[in-house]
Amino acid sequence: MSSAAPRPADQDHLWSVDEHLEDILATVRPLEPIELQLLDAQGCVLVEDVTVPVSLPPFDNSSMDGYAVRVADVAGASEEFPAVLDVVGDVAAGQAELLHVGPGQAARIMTGAPLPPGAETVVPVEWTDGGLGEGPVSGMRARSLAPEGAEGHVHVYRPAEARAHVRAQGTDVRAGDRALDAGTVLGPPQIALLAAIGRGTVRVRPRPRVVVMSTGSELVQPDESLGTGQIYDSNSFALTAAARDAGAIAYRVGAVDDDAETLRSTIEDQLVRADLMVTTGGVSVGAYDVVKEALSSVADEDEPGSGVDFRKLAMQPGKPQGFGSVGPDHTPLLALPGNPVSSYVSFELFVRPAIRRLMGLDDVHRPRTRATLTAKKALTSPKGRRQFLRGTYADGRVSPVGGAGSHLVAALAQADALIVVPEDVESVEPGTEVEVVLLG
């Protein structure tokens with residue numbers, strides 16, 4: 001992490017959403033590239049172009065189980081007047097020595113096997129009698145059960161054009177082609193392509209390790225009994241899952257009590273496995289806001305911009321936020337509010353882009369679109385704050401979920417979009433076009 005961008009000295013400065021995000025993205029830097037085995041590189045971002053060293057397929061091969069033949073030998077073949085050819089043997093996938101197919105001959109060939117010299121086309125086995133002399137068959141018998149199928153005669157009941165059912169060398173990719181571009185996120189198809197062209201390792205930026213912890217003495221873990229004044233910890237589960245969804249390797253830490261020293265100690269213990277720390281809760285102005293108490297004075301005097309800065313943002317929900325760095329490696333830390341909706345919205349707006357930046361992606365933002373608002377009444381918004389409401393989006397229309405003041409986790413479970421109400425708008429009428437952040 002580099003030194004933080006200049007921050008306003010005025011503690012009462014009301015940050016805009018864009019200012020806060022710009023500060024985060026100006027500070028967080030992509031992780032250093034490493035060489036990884038293919039399966040370990042899944043979900044990582046490629047840092048170099050990959051070219052094809054060998055064409056795929058590397059040789060002409062059959063796309064069907066059948067018989068490799070010459071075109072002239074099956075011309076005019078029909079069920080009434082089949083072409084009868086001598087079977088000279090089998091050509092199996094991976095077979096090193098190939099048979100030669102001469103005039104009046106056929107080689108029984110398997111899918112993926114090289115087209116043998118002399119052969120010009122492939123006749124599917126369903127167009128033949130399979131060497132049994134009893135009319136068209138639906139398939140071949142296993143060689144171990146019927147080795148005689150690789151010799152004798154075969155009746156062919158249909159003609160075939162040249163190169164029919166043949167995959168030509170290089171029709172997938174050719175040697176020298178660019179297989180993948182730098183910046184590609186490696187998913188299953190990309191891993192398959194790398195393996196197919198013979199790459200066992202690849203140079204990527206590793207998936208960032210994100211440690212998520214909730215704070216609050218009132219938090220109880222699921223499956224435990226609730227006491228008086230206690231609630232279940234949902235934030236750490238939501239944010240850990242969201243971090244993984246964003247591409248990170250995420251670790252969830254059990255809820256930390258409202259004790260500053262305990263929190264500092266827990267954070268120090270977790271730094272060994274963190275490229276990014278995320279806390280939720282304890283960032284407002286209450287007497288028990290432990291994150292603010294514990295981290296307001298952790299700056300390194302020798303590192304300009306280090307430490308955690310606690311701010312007020314012109315947004316709803318999510319007004320109180322914290323951002324900075326902790327530990328000897330200046331690990332970035334984002335401190336989010338404790339309200340479940342505030343926490344999740346804050347993650348989408350600030351933490352997810354930070355994770356994507358650590359991965360080395362150019363586009364770190366969720367897709368946005370315009371949609372027509374469908375609602376029973378106008379959406380009201382406090383003047384001077386950008387508001388983010390949960391919504392459901394489909395076919396260019398978006399509907400709010402849970403109401404403007406709802407802090408229920410259930411509203412998050414139903415939503416697949418955020419409705420953005422600009423800070424200079426106090427009311428949005430039904431039928432108005434609004435900006436939408438797509439979460440799906």
Side-chain angles (χ1 to χ4, degrees), residues 1 4 15 20-21 23-24 27-28 208-221 231-244 246 248-299 306-313 315 317-327 329-355 358 407 409:
M1 172 173 166
W15 289 64
H20 185 59
L21 179 59
D23 189 27
I24 293 169
T27 304
V28 175
R209 301 164 302 161
V210 177
V211 174
V212 177
M213 66 177 69
S214 292
T215 62
S217 299
E218 78 281 10
L219 298 177
V220 175
Q221 299 310 299
I231 60 173
Y232 288 119
D233 172 20
S234 64
N235 282 0
S236 64
F237 287 91
L239 300 186
T240 302
R244 290 175 179 175
I249 299 171
Y251 305 102
R252 176 188 161 273
V253 180
V256 180
D257 288 341
D258 289 324
D259 179 78
E261 189 55 42
T262 300
L263 177 60
R264 278 193 290 264
S265 176
T266 303
I267 289 176
E268 289 175 3
D269 290 343
Q270 294 297 322
L271 285 174
V272 67
R273 61 174 181 173
D275 298 307
L276 176 68
M277 297 284 302
V278 179
T279 67
T280 173
V283 296
S284 192
V285 293
Y288 289 83
D289 285 320
V290 65
V291 175
K292 197 170 183 179
E293 176 188 354
L295 300 181
S296 291
S297 58
V298 296
S306 68
V308 179
D309 182 35
F310 291 90
R311 311 164 174 177
K312 296 177 182 178
L313 269 61
M315 66 177 279
K319 181 178 180 181
Q321 300 281 339
F323 171 63
S325 66
V326 292
D329 295 325
H330 305 292
T331 302
L333 183 146
L334 284 95
L336 311 183
N339 175 277
V341 174
S342 298
S343 175
Y344 189 75
V345 170
S346 298
F347 180 95
E348 286 293 334
L349 296 179
F350 307 124
V351 182
R352 192 176 193 278
I355 290 173
L358 286 168
H407 290 169
V409 179

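Note that these values count all heavy atoms, side chains included, but never hydrogens, waters or copies made by symmetry.
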Practice task
Just do the side chain to side chain contact (heavy atoms under 4.5 Å, CB included) check on V210 and I249 with the steps written out, would you?
Solution key: CA-CA 6 Å; V210 177; I249 299 171; over 6 Å; no
Handout entry: Note, P320 side chain near P337 side chain (heavy atom, < 4.5 Å)
Key = yes
Handout entry: S265 side chain vs E261 backbone, donor-acceptor pair below 3.5 Å
Key = no
Exercise for the section: Compare all side-chain heavy atoms of L271 with those of D329 and state whether any distance is below 4.5 angstrom. Expected result: no
Fill in the blank from the handout: Correct closest heavy-atom pair for L313 and G318 would be CB-O, 4.3 Å
Handout entry: Salt bridge R311-D23, side-chain N to carboxylate O under 4.0 Å
Key = yes
Exercise for the section: Please report the shortest heavy-atom distance between S346 and Q321, naming the atom on each side. Expected result: OG-NE2, 2.7 Å
Practice task
Say whether, by atom type as modelled, one donor and one acceptor occur between the side chain of D257 and the main chain of D259 under 3.5 angstrom.
Solution key: no
Problem - Non-hydrogen side-chain atoms of N339 and Y344 separated by less than 4.5 Å - result: no
Handout entry: Main-chain N/O of G327 paired to T331 side chain as donor or acceptor, under 3.5 Å
Key = no
Exercise for the section: Report yes if some heavy atom in the side chain of F323 is under 4.5 Å from a heavy atom in the side chain of L21; otherwise report no. Expected result: no
Completion exercise
Tested for side-chain contact (heavy atoms from CB on, under 4.5 Å) against I267, the lone hit among V211, V291, V326, V253 is V326
Practice task
Enter the distance from D309:CG to H20:NE2 here, rounded to the nearest 0.5 Å.
Solution key: 9.0 Å
Exercise for the section: Determine, stepwise, if the pair V283 / F310 fulfils side chain to side chain contact (heavy atoms under 4.5 Å, CB included). Expected result: CA-CA 7 Å; V283 296; F310 291 90; 3.9 Å; yes
Practice task
Without swapping roles, check the side chain of S343 against the backbone of L336 for a donor-acceptor pair under 3.5 Å.
Solution key: no
Handout entry: Heavy-atom pair of closest approach, residues G338 and N235
Key = O-ND2, 2.6 Å
Fill in the blank from the handout: Rounding to 0.5 Å, atoms CZ (F237) and OH (Y232) come to a distance of 11.5 Å
Exercise for the section: Report yes or no: does S217 contribute a side-chain atom to a donor-acceptor pair with the main-chain N or O of D258 at less than 3.5 Å? Expected result: yes
Problem - Side chain proximity check, V220 to I231, heavy atoms < 4.5 angstrom - result: no
Fill in the blank from the handout: Here the gap from I355 atom CD1 to L334 atom CG, rounded to the nearest 0.5 Å, amounts to 9.0 Å
Fill in the blank from the handout: Rounding to 0.5 Å, atoms OG (S234) and CG (L239) come to a distance of 8.5 Å
Practice task
State whether a side-chain donor-acceptor pair under 3.5 Å links S214 with D233.
Solution key: yes
Handout entry: Residue pair A294 / A260: nearest heavy atoms and the distance that separates them
Key = CB-O, 3.7 Å
Problem - Student check: side-chain heavy atoms of P208 and L276 closer than 4.5 Å - result: no
Fill in the blank from the handout: Contacts satisfying salt bridge (Lys or Arg N to Asp or Glu O under 4.0 Å) that involve residues 272-282 (not counting sequence neighbours) are R209-D275
Practice task
Could you list the residues that satisfy side chain to side chain donor-acceptor pair (under 3.5 Å) with T215, not counting sequence neighbours?
Solution key: none
Practice task
Using the side chain to side chain contact (heavy atoms under 4.5 Å, CB included) rule, take K292 and V308 through it: C-alpha gap first, then chi angles, then the decisive distance, then the call.
Solution key: CA-CA 9 Å; K292 197 170 183 179; V308 179; over 6 Å; no
Problem - From CZ (F347) to OG1 (T240), nearest 0.5 Å - result: 9.0 Å
Handout entry: Rounded distance [0.5 Å steps], CH2 in W15 versus CE in M315
Key = 14.5 Å
